[in-house]
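Have a look at the structure below, then the notes.
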Amino acid sequence: MQSFDHDHDAPTNRVSTPPVAAAALKSSNKTKARQSLGGLPLSQSEATLPYRRSHPSAASLYASTFSPPGSRSQSPAGRPLSTRTTSGSVFGASPNNGLALAAGVGDGPGDSLNLILRAFVPHVAIYASEDTDSLLQEKGLDRGLWELLRPFGERIQGKVIIRDSNGSSRVYEDYSLHFTRFGDGVVHPEPVAAGLKNSHGLGTNGTSGRPNDPSRASNGGTTVAEVEAVVDKHLYYAEDSFFGAPHSPTTHGFGIDTPSPYYALYLRRLLSGLPLTPHETFAHPVACVIAISSRNQAPIETLRRLYTESSTGDSRLPNWVDGEFLRYYVLVHDEEKDDITRSMSLFDQMKRNLGLHCHLLRIRGTRSLATDDDSIPLPRCEWMSAVEELADLKRSEDHEGYEDPTKYIFESDATAIRTFVREMVTQSIIPTMERHVSVWNDQVASRRRGLAGRFVGLTRRWGFGSNSRSSVSGSTSGSNYDSLGFYRSDTPEAIMRKLADYAFMLRDWKLAYSTYDILRSDFNNDKAWRYHAATNEMAALSLLIMPQNLSSKMRAETVDTMLEAAFYSYLTRCSARYGALRCLALGLELLRLRGGSSIDDAARWGLRLLESKVLGPVGDALIKERLAICYASKEGSGTQAWGSRRRKSALWYVLAADTWLAQSKFIQAQRCMNEAKKTYSDLPADHGIDLFSHASNFILSIGQELNENLEDANHEDNESDDDESEIVDEESEALGGGRRRASSLGFPGGTDTANLESAPLRSQIAASGIGEEKEADEDSEEDDDEEDEDEEDEEEDKKDKDDKDKDKEEEEEEEEEEEEEEEEEEEEEEDEEEDESEEEDDDDEDEEDEDEEQSKRDRHPSEAKGDFG
C-alpha cells in the first residue's frame with residue numbers, strides 16, 4: 001500500500017493520508033462505469049505510462065492527459081511567478097516587453113496564454129472534389145483531405161514573420177492555424193424580434209436547441225455540458241489506468257506556470273471548435289483550399305465549378321460572412337499510380353489560369369501500416385471540438401472489439417504536407433491578411449478615430465445620415481443592425497470587427513484593442529447585445545496581453561468595466577453560458593499572469609464565476625484549484641512574506657478537495673488535501689490552522705472520509721481479486737487431477753512450488769489411470785487431514801500460551817497491589833509516630849512555662865501581694 005502524500009512531509013498529522021494499494025478501487029463490474037478516482041497525472045512521458053487495462057486500444061484517445069504538457073513544480077509555494085518570462089515581460093519584472101513573452105510562449109504548451117494564442121488563429125476551410133476524397137479514403141482516411149491536413153496546421157514549421165500596422169516585423173516560432181471543413185459549424189443568429197423571448201430555445205453558446213438543427217450535427221458549437229463530459233471521461237479513464245496496474249506514486253503536484261492536464265484540457269475544449277457566428281469572425285474562413293487530384297479527367301472545369309459552388313452556389317456561406325476570402329488551389333498527385341509529367345503540366349496550367357496561389361502536393365496513394373519501415377503515426381488533433389471527442393470516446397466504450405484509432409502515413413507524405421502548409425501560410429495567408437488590415441484600417445477605421453469620428457458616431461446615433469441600405473434592411477435610427485440579428489458583411493461595423501479579429505490573430509494587440517474599443521459603443525447604441533458582449537470580451541483580452549503596465553485605477557476603469565459588460569450581456573441578455581464562462585476564465589488567467597495586485601482581481605473574477613452557477617461539477621472543482629494556485633502565486637515582501645495569500649490558497653485547496661470528494665474523485669481530493677497540508681505546515685506555528693477548531697474539524701472530517709472511502713474500495717477490490725483467483729485455481733485443479741490447491745498469490749516463490757508439484761502428477765495420471773488417481777485423491781485427503789490437525793494443535797498451543805500469559809499478568813497485578821498496601825501501612829505508622837513526638841514536645845513546653853512563673857513569684861513576693869490587695 002502506497003501513500004500519495006510522500007512528497008509533502010509535513011510535521012503535522014492533522015490530515016492523515018491513507019496508503020492505497022496498487023490495485024485498489026478496481027471495478028468488479030467491467031461493463032459499468034463507476035465514479036472516478038482519477039485526476040492524477042500518470043507519468044512524465046508516454047514511455048513510462050502504466051498499462052491501460054480498460055480498452056487498451058483506446059489509449060491514444062486519452063493522450064492529452066497522459067502527462068502534463070510541460071514540467072511543473074511540485075508546489076506553488078516559494079516559486080517565482082514564471083520561469084519562462086524574461087525580465088522584459090509585462091508578466092514578470094519591469095520593464096515590460098510583451099513581444100518577448102509572446103515570442104517565447106511556445107515553451108509552455110499547456111500555458112494559459114499559449115492556449116489563448118493558439119485558439120484564436122486563422123481558420124482555413126477545405127473544399128475538395130470527390131476524386132480527392134476517394135484517393136485519401138484509399139489511404140485509410142475516411143474524412144478525406146481535411147483529416148490529413150488538420151494535425152499539421154497546429155504548429156507551423158519554422159519561423160513566421162508578421163508585420164504590424166506600423167510596419168514593424170515580428171518573428172514567431174509557434175504560429176498555427178486551424179483547418180475546417182467548408183460550411184461546417186454555421187450558427188444562425190436569432191432575429192431581433194424574437195429577442196429575449198426565444199433565448200431559452202438556444203444552446204449555451206447561442207446554437208439552436210432543435211434536435212434536427214444542422215449546425216449541431218456539423219459541429220456547430222460547444223456547450224459547457226459537453227466540455228464537462230469530455231474532462232470527466234478523461235478522469236474516469238485515468239482512474240482505471242492508475243489503479244489497474246503496479247506503479248510508482250506520482251511526483252506531480254500543482255504548478256503555477258503550467259496548469260494540470262485536466263484544466264488545460266478543459267480550457268482547450270472550451271476554446272476548440274469555435275462556431276461560425278456573425279458576432280465574431282475568428283471562425284470565418286481566411287482562406288479556402290480547393291483541391292482536386294491527378295485522377296480528375298477535367299481538372300480546370302472542376303476547379304471552376306468548386307469555386308462557383310463556394311461563392312454563389314448552394315454551398316455558399318451566409319450573407320453575414322465576407323465571401324472575398326482567399327482561394328488556394330491544390331493538386332494532389334498520387335506518386336505511385338499517376339504520371340508526374342502530366343501533373344506538372346496541369347499544375348503550370350493552373351497557375352496560368354488561376355494565379356500564383358497554387359500548390360502541387362505529392363503523396364503516396366497506398367495505405368501506410370504500422371509495420372512499414374518509413375511509416376509514422378498521424379498526429380491526433382489537439383484542437384478538436386468537445387462534440388467530436390465525445391463521440392470518439394463513446395464509440396470506444398460501446399464497441400467491445402474497438403481497435404486502436406491511430407492511423408499511419410509515410411514519412412515522405414508528412415514532409416510534403418509540412419512544406420505545403422508552411423508555403424501557404426508564409427506566402428499567401430499572412431500577406432493577404434496584412435494587406436486587408438492595412439486597407440480596412442486606412443479606409444474604414446481611421447474615419448472613426450479622433451474628433452471627427454466621434455462626431456460621425458453621434459450623428460449616426462441620432463439618425464442623421466442614415467443610408468438606403470439601413471432603410472432596406474428594416475433598421476432605424478441610422479443603424480446598420482439588421483432585424484434578423486446581424487450586420488451584413490459590407491457594413492462598416494462588420495468590416496471593423498473583422499479588422500480587429502485579424503489584428504488579434506496577427507498579434508497586433510494595440511490595433512486590435514483600439515478597434516474593439518470603438519465598436520463597443522456602436523454595438524451598445526444598436527442594442528446588438530451578442531456583438532456587444534463579444535467585443536467587450538476581446539477588448540479586455542487584448543488590453544491584458546498588451547505590453548504595458550496597468551495600474552489598479554486603470555484596471556478598475558477599463559478591464560473590470562469591459563469584463564462586467566461582457567459577462568452581463570452574455571449571461572443575462574443573451575442566455576449564453578458558454579460565452580460567460582469563456583470570458584471570465586480567460587480574464588482570470590491573464591490577470592493572474594500579470595502578478596502583483598492583479599492576482600486579487602483575478603481571484604475576484606474567479607469567485608464571480610463560481611457564484612454565477614454557470615459551471616458544472618468538474619469545472620467548479622477545477623476553478624477552485626485555480627483560485628488556490630492564483631493565491632499561492634501572490635508573493636509577499638520581507639522575511640515574513642507580508643502580503644502573501646498562503647492561507648487563502650490553503651483554504652481553496654481544502655474547498656476543492658471537498659468538491660472532488662463529493663464527486664467520488666478521491667485521488668484529486670487527496671492531491672488537494674496534500675497541498676493544503678503542506679501550505680499550512682509552511683506557516684508559522686501561531687498562524688496555523690490548529691488554533692481554529694471548526695476549520696481543523698472540517699479538514700479532519702475530509703481526511704477521515706477519504707480514508708474510509710479508499711479503505712472500503714480497497715476491501716471490495718480484495719474480494720474481487722479473491723474471486724478471480726478462485727476461478728483460476730479451480731481450472732488448474734481440474735487439469736492437475738485433484739491435487740491440493742496451493743495459492744501462489746501471497747507467498748514468494750509459490751509459483752515455482754506449484755509448478756514442481758503439478759508437472760510430475762500430470763505425467764503419472766496419463767500413465768497409470770483411474771486407480772492411481774484414486775490413490776492420489778486419498779493422499780490429498782490425508783494431507784488435508786494432517787494439515788487440519790496441525791492447525792488445531794497450533795491453535796490449542798496458542799490458546800494455552802495466551803492463558804499462561806494472562807495468569808502471569810494477574811499474578812503480577814496482585815503483587816503490585818500487595819506492595820502498594822504495605823507502603824500505605826508504613827506511611828500511616830510514620831504519621832502516628834510523628835504525631836506522638838509532637839504531643840510530647842508540647843507537654844515539655846508547658847512544664848517549662850509553669851516553672852518559670854513559679855520562679856518569678858519566689859523572687860518578688862511583695863508584688864504578688866500588691867496585686868491581690
Side-chain angles (χ1 to χ4, degrees), residues 90 98 102 113 116-117 119-122 164-166 271 274 277-284 286 320 322 433 436-438 440-450 453-454 456-457 460-461 480-481 486-487 489 491-548 550 554-570 573-574 576 579-580 582-584 586-587 590-591:
V90 68
L113 179 60
I116 295 173
L117 296 183
F120 300 102
V121 295
D164 59 11
S165 57
N166 297 324
L271 300 175
L274 296 178
T277 58
H279 63 273
E280 59 181 14
T281 63
F282 290 108
H284 293 202
V286 173
W320 38 264
D322 186 8
M433 294 179 68
H436 282 315
V437 166
S438 178
W440 293 336
N441 189 27
D442 293 339
Q443 296 182 0
V444 181
S446 60
R447 299 179 181 178
R448 298 296 314 277
R449 296 189 178 97
R454 294 182 180 179
V456 171
R460 288 182 61 257
R461 180 180 179 182
N480 293 321
Y481 189 51
F486 60 86
Y487 292 92
S489 61
T491 59
E493 292 83 359
I495 294 175
M496 290 183 64
R497 172 67 206 216
K498 198 166 187 178
L499 166 63
D501 290 346
Y502 272 36
F504 193 95
M505 290 186 286
L506 295 175
R507 303 183 183 182
D508 190 351
W509 318 118
K510 185 176 181 180
L511 176 61
Y513 171 71
S514 62
T515 309
Y516 285 131
D517 191 43
I518 295 173
L519 290 172
R520 290 193 307 124
S521 59
D522 292 346
F523 295 148
N524 184 46
N525 296 334
D526 294 341
K527 292 181 173 53
W529 299 125
R530 198 174 291 272
Y531 284 84
H532 181 255
T535 304
N536 277 279
E537 174 190 4
M538 298 312 300
L541 298 184
S542 302
L543 185 59
L544 290 173
I545 299 177
M546 257 204 306
Q548 70 177 24
L550 295 177
M554 187 176 183
R555 288 199 308 272
E557 294 177 351
T558 56
V559 177
D560 290 354
T561 302
M562 290 183 288
L563 289 178
E564 177 64 33
F567 182 73
Y568 179 78
S569 295
Y570 270 134
R573 291 166 171 163
C574 304
R582 189 184 74 175
C583 170
L584 292 193
L586 300 185
L590 292 178
L591 283 169

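Residues D508 and N166 form no side-chain contact, since every pair of their non-hydrogen atoms from C-beta on lies 4.5 Å or further apart. Counting heavy atoms from C-beta outward, H284 and D322 have side chains that stay 4.5 Å or more apart. Side-chain contact between L590 and L541: present, with at least one pair of heavy atoms (C-beta onward) separated by less than 4.5 Å. Taking 4.5 Å as the limit, some side-chain heavy atom of L499 sits within range of a side-chain heavy atom of V437.
Atom CD1 in I545 sits 9.5 Å away from atom CZ in R507 (nearest 0.5 Å). To the nearest 0.5 Å, the span separating CG on N441 from NE2 on H436 amounts to 14.0 Å. Rounding to the nearest 0.5 angstrom, the gap separating the CG atom in N524 from the OG atom in S569 is 8.0 Å. Atom CE of residue M538 and atom CG of residue L519 lie 12.5 Å apart, to the nearest 0.5 angstrom. Separation of atoms CD1 (I116) and CG (L586) is listed at 4.5 Å; rounding is to 0.5 Å. Between the CE atom of M433 and the NZ atom of K498 there is a distance of 9.5 Å, given to the nearest 0.5 Å.
Between the side chain of S514 and the backbone N or O of L511 there is at least one donor-acceptor pair closer than 3.5 Å. With hydrogens and angles disregarded, no donor-acceptor distance shorter than 3.5 Å links the side chain of D517 to the backbone of Y513.
Taking all atoms of both residues into account, the shortest heavy-atom contact from M505 to P122 is SD-N, 3.5 Å. Nearest heavy atoms, S489 versus I495: O-CG1, 3.7 Å. Scanning both residues, S542 and A512, for their nearest heavy atoms gives OG-CB, 4.0 Å. Between A539 and R520, the shortest heavy-atom contact is CB-CD, 4.3 Å. The nearest pair of heavy atoms linking C583 to F567 is SG-N, 4.4 Å. Listed here is the closest heavy atom pair of A119 and L274: O-CD1, 4.0 Å.
With sequence neighbours excluded, the residues that form a salt bridge (charged side-chain N to carboxylate O under 4.0 Å, His left out) with D501 are R497. Considering only residues two or more places apart in sequence or on other chains, Y502 meets the ring pair (Phe, Tyr, Trp, His ring centres under 6.0 Å) condition with W440. Applying the salt bridge (charged side-chain N to carboxylate O under 4.0 Å, His left out) test to E564 and every residue at least two apart in sequence or in another chain returns R608.
Using a 3.5 Å distance cut-off with no hydrogens or angles, the side chains of E493 and Y531 do not pair a donor with an acceptor.
Ring geometry for F504 versus F282: interplanar angle over 60°, hence perpendicular rather than tilted (30 to 60°).
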For this session: Check the pair R555 / L591 against side-chain contact (heavy atoms from CB on, under 4.5 Å), numbers first and verdict last.
Result: CA-CA 10 Å; R555 288 199 308 272; L591 283 169; 4.1 Å; yes

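Partner of F523 under the ring pair (Phe, Tyr, Trp, His ring centres under 6.0 Å) criterion, out of Y487, Y516, W529: Y487 alone.
Under 4.0 Å is where a charged nitrogen must lie from a carboxylate oxygen, and between R448 and D522 at least one such pair does.
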